[in-house]
Undergrad: 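This structure is in structure tokens; I'll ask about it shortly.
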Amino acid sequence: MKLLQKWPEQYQAQLVCHYGTMLQLSLTESPSNLDEAFTLAWVQIAIAPCTVLLPGVSLREHDSSLIRAKTLVFA
């Protein structure tokens with residue numbers, strides 16, 4: 001939870017659902033560049049590796065998708 005504390009300010013993120021072992025956040029602001037998206041992807045890996053380590057999806061593909069993301073899900 002400590003890693004998520006700055007997200008409301010940085011991305012205007014709001015927790016919209018809690019499924020027990022999963023969190024869903026709504027974003028008003030997405031990362032503005034690949035470096036910021038890469039950092040966000042690493043935080044997702046730290047919090048919930050199953051969310052981003054899908055077969056066939058590289059970390060670089062995932063972080064580039066975060067630039068236009070409006071929702072984050074942590075499983």
Side-chain angles (χ1 to χ4, degrees):
M1 294 314 293
K2 189 78 168 165
L3 292 171
L4 297 174
Q5 285 181 336
K6 67 178 179 175
W7 289 13
E9 181 180 316
Q10 190 169 6
Y11 303 111
Q12 286 70 53
Q14 295 182 2
L15 181 63
V16 292
C17 292
H18 181 279
Y19 304 102
T21 60
M22 294 173 56
L23 299 175
Q24 180 179 349
L25 292 96
S26 174
L27 303 179
T28 302
E29 298 290 326
S30 299
S32 59
N33 59 57
L34 282 177
D35 289 334
E36 192 176 325
F38 188 73
T39 300
L40 179 56
W42 272 110
V43 171
Q44 279 189 292
I45 288 173
I47 294 171
C50 294
T51 304
V52 295
L53 298 179
L54 301 173
V57 178
S58 71
L59 181 60
R60 187 52 72 188
E61 291 170 322
H62 178 70
D63 68 12
S64 64
S65 72
L66 291 174
I67 290 178
R68 48 188 187 278
K70 295 299 176 197
T71 303
L72 294 177
V73 176
F74 296 88

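Note that these values count all heavy atoms, side chains included, but never hydrogens, waters or copies made by symmetry. Just so it is clear, the model here is predicted, and its values are computed rather than measured.
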Undergrad: What pairs of residues pass the salt bridge (Lys or Arg N to Asp or Glu O under 4.0 Å) test when at least one of them lies in residues 27-47, not counting sequence neighbours?
TA: none
Undergrad: In the hydrophobic clustering that connects Ile, Leu, Val, Met, Phe, Trp and Tyr at side-chain heavy-atom distances below 4.5 Å, which members other than I67 occupy its cluster, ordered by chain and number?
TA: L34
Undergrad: Any chance you could measure L15, atom CG, to L25, atom CG, to the nearest 0.5 Å?
TA: 5.5 Å
Undergrad: Can you list every salt bridge (Lys or Arg N to Asp or Glu O under 4.0 Å) pair that touches residues 53-67, not counting sequence neighbours?
TA: R60-D63
Undergrad: Looking only at non-hydrogen atoms, find the nearest pair between L66 and S30 and report the distance.
TA: O-CB, 3.6 Å
Undergrad: According to side-chain contact (heavy atoms from CB on, under 4.5 Å), who are the partners of S26, at least two apart in sequence or on a separate chain?
TA: V16
Undergrad: Could you walk me through whether H62 and Q44 satisfy the side-chain hydrogen bond (donor to acceptor under 3.5 Å, both in side chains) test, starting with their C-alpha distance in whole Å, then the side-chain angles of each, then the deciding distance to 0.1 Å, before giving a yes or no?
TA: CA-CA 10 Å; H62 178 70; Q44 279 189 292; 2.7 Å; yes
